[in-house]
Protein chains: 2
Amino acid sequence: MSNMGNQLISNVFKALAHPTRIQIVKLLRNGELCVCDILPNLDSEQSNTSQHLTVLKNQGIVESRKDGSKVIYSVKNKEVYEMVDLVEAIILRQIEETKTSLSNR
Amino acid sequence: MSNMGNQLISNVFKALAHPTRIQIVKLLRNGELCVCDILPNLDSEQSNTSQHLTVLKNQGIVESRKDGSKVIYSVKNKEVYEMVDLVEAIILRQIEETKTSLSNR
DNA sequence: TTATTATATTAGAAATATCTAATATGGTGA
DNA sequence: TCACCATATTAGATATTTCTAATATAATAA
């Protein structure tokens, strides 16, 4: 019934359940980036972005290292990319279905 | 920047961001089930379970059909199973890492 | 040292998700 | 028809997330 594992699993999904955090993952797909390079690609405040990065880090999705005064983030578990791709596949199929059901009336 | 697609993607992750909904997906992995057979396997109220099923359905993760007075649910987009497996892989790796870092002191 | 840049942390307000309890709907069988 | 079973819907209370604004920290440069 109420399973510890399901809690852990849903925590990872929860970390990905925000558009800004998806955008961050997509940005990191081309390689590691410092916060200073992530910031201008998002429309969210510096402090808010920092909080989103923390959420991703807490679930092991990204990791970070310091480089002088900068902090460099990268994706830690590459499975995340596959997950995003799978979701996109689901969405595309849903859209096709919607189109079909619209033309059938 | 603020991308429509990221919103759609995060909506799917959000649908999976709850332990009860993960449990439902796992139950359906063995095949379709009526609500009456899902209910006793969860520890959440009937009305609450119904709401969770609606969330999954709204994101195209499950679908349903009627059979007499019963409603049968099944997973609609099988990618969901892969996603759960990928998350489990991430979690296992994180646990290994934690174990290692604990023994190294 | 002091100022500056890069990033993180905090507190609290606002938005959203979740749960419970009550009620509604719709099919089935007496 | 009436009563019953299976499921969905609703309203409102509670819990959780998200955001903003202010402040803290830490590295570097002047």
Side-chain angles (χ1 to χ4, degrees), chain A residues 1-3 6-25 27-28 32-76, chain B residues 1-3 6-25 27-28 32-76:
Chain A
M1 308 279 253
S2 182
N3 190 304
N6 292 335
Q7 182 68 57
L8 293 176
I9 293 169
S10 63
N11 284 344
V12 174
F13 283 118
K14 199 175 299 187
L16 294 167
H18 194 288
T20 300
R21 295 196 293 264
I22 295 295
Q23 180 70 30
I24 291 171
V25 168
L27 288 170
L28 294 178
E32 58 178 24
L33 286 175
C34 65
V35 178
C36 54
D37 287 334
I38 293 173
L39 278 171
N41 288 293
L42 302 176
D43 27 46
S44 115
E45 300 284 320
Q46 177 270 322
S47 74
N48 193 10
T49 299
S50 184
Q51 289 167 4
H52 283 306
L53 285 166
T54 300
V55 170
L56 290 171
K57 193 171 171 179
N58 285 339
Q59 293 307 315
I61 292 165
V62 304
E63 61 192 346
S64 68
R65 64 185 170 81
K66 286 202 97 169
D67 177 19
S69 70
K70 299 190 174 178
V71 178
I72 317 282
Y73 278 85
S74 57
V75 165
K76 183 177 186 187
Chain B
M1 308 278 251
S2 182
N3 189 304
N6 292 338
Q7 181 69 58
L8 294 176
I9 293 169
S10 63
N11 284 345
V12 174
F13 283 118
K14 200 175 298 187
L16 293 167
H18 194 286
T20 300
R21 297 197 290 266
I22 295 295
Q23 179 70 30
I24 291 171
V25 168
L27 288 170
L28 294 177
E32 57 177 26
L33 285 175
C34 65
V35 178
C36 54
D37 287 334
I38 293 174
L39 279 172
N41 288 293
L42 302 176
D43 28 44
S44 105
E45 300 284 320
Q46 178 270 322
S47 74
N48 194 11
T49 300
S50 184
Q51 290 167 3
H52 284 306
L53 286 166
T54 300
V55 170
L56 290 171
K57 193 171 171 178
N58 285 340
Q59 294 307 315
I61 292 165
V62 303
E63 61 192 345
S64 67
R65 65 185 169 80
K66 286 202 95 167
D67 178 19
S69 68
K70 299 189 173 178
V71 178
I72 317 282
Y73 279 84
S74 56
V75 165
K76 183 177 186 187

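Proteins get letters first, then strands, A, B, ... in listed order; numbering begins at 1 in each.
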Do [X] and [Y] have side chains that approach each other closer than 4.5 Å (heavy atoms only, starting at C-beta)?
X: A:Leu56; Y: A:His52; value: no
X: B:Lys66; Y: B:Val71; value: yes
X: A:Ile22; Y: B:Phe13; value: yes

In whole angstroms, how far is the [atom2] atom of [N] from the [atom1] atom of [X]?
X: B:Lys66; N: C:dT28; atom1: NZ; atom2: P; answer: 8 Å
X: B:Lys70; N: C:dT28; atom1: NZ; atom2: P; answer: 11 Å
X: A:Leu53; N: C:dA6; atom1: CG; atom2: P; answer: 16 Å
X: B:Phe13; N: C:dA17; atom1: CZ; atom2: P; answer: 17 Å
X: B:His18; N: C:dC19; atom1: NE2; atom2: P; answer: 4 Å
X: B:Ile72; N: C:dG27; atom1: CD1; atom2: P; answer: 15 Å
X: A:Tyr73; N: C:dA6; atom1: OH; atom2: P; answer: 15 Å
X: A:Gln59; N: D:dT17; atom1: CD; atom2: P; answer: 11 Å

Is there, by distance only and without an angle test, a donor paired with an acceptor across the side chain of B:Gln46 and the base of D:dA6 below 3.5 Å? no
Looking only at side-chain atoms of [X], point me to the closest of [options].
X: B:Val71; options: D:dT7, C:dT28, C:dA8; result: D:dT7
X: B:Ser50; options: C:dT18, C:dA8, D:dT9; result: D:dT9
X: A:Asn48; options: D:dC19, D:dT18, C:dG27; result: D:dC19
X: B:Gln51; options: C:dC19, C:dA6, D:dT7; result: C:dC19
X: A:Ser47; options: C:dA17, D:dT20, C:dA6; result: D:dT20
X: B:Lys14; options: C:dA6, C:dA11, C:dA17; result: C:dA17

When you measure from the side chain of A:Arg21 to the backbone N and O of A:Lys14, does any donor-acceptor pair fall under 3.5 Å? yes
For B:Asp37 and for A:Glu45, locate the closest nucleotide of DNA chain D by heavy-atom distance; then report the residue assigned to the nucleotide nearer the 5' terminus. B:Asp37
For A:Val55 and B:Lys57, find the nucleotide of DNA chain D closest to each by heavy atoms; which residue's nucleotide sits nearer the 5' end? B:Lys57
Could you check B:Leu42 against B:Leu27 for side-chain contact (heavy atoms from CB on, under 4.5 Å), going step by step and ending with a plain yes or no? CA-CA 10 Å; B:Leu42 302 176; B:Leu27 288 170; 4.1 Å; yes
Please determine whether a side-chain nitrogen or oxygen atom of A:His52 lies at a distance below 4.0 Å from atom OP1 or OP2 of D:dC19. yes
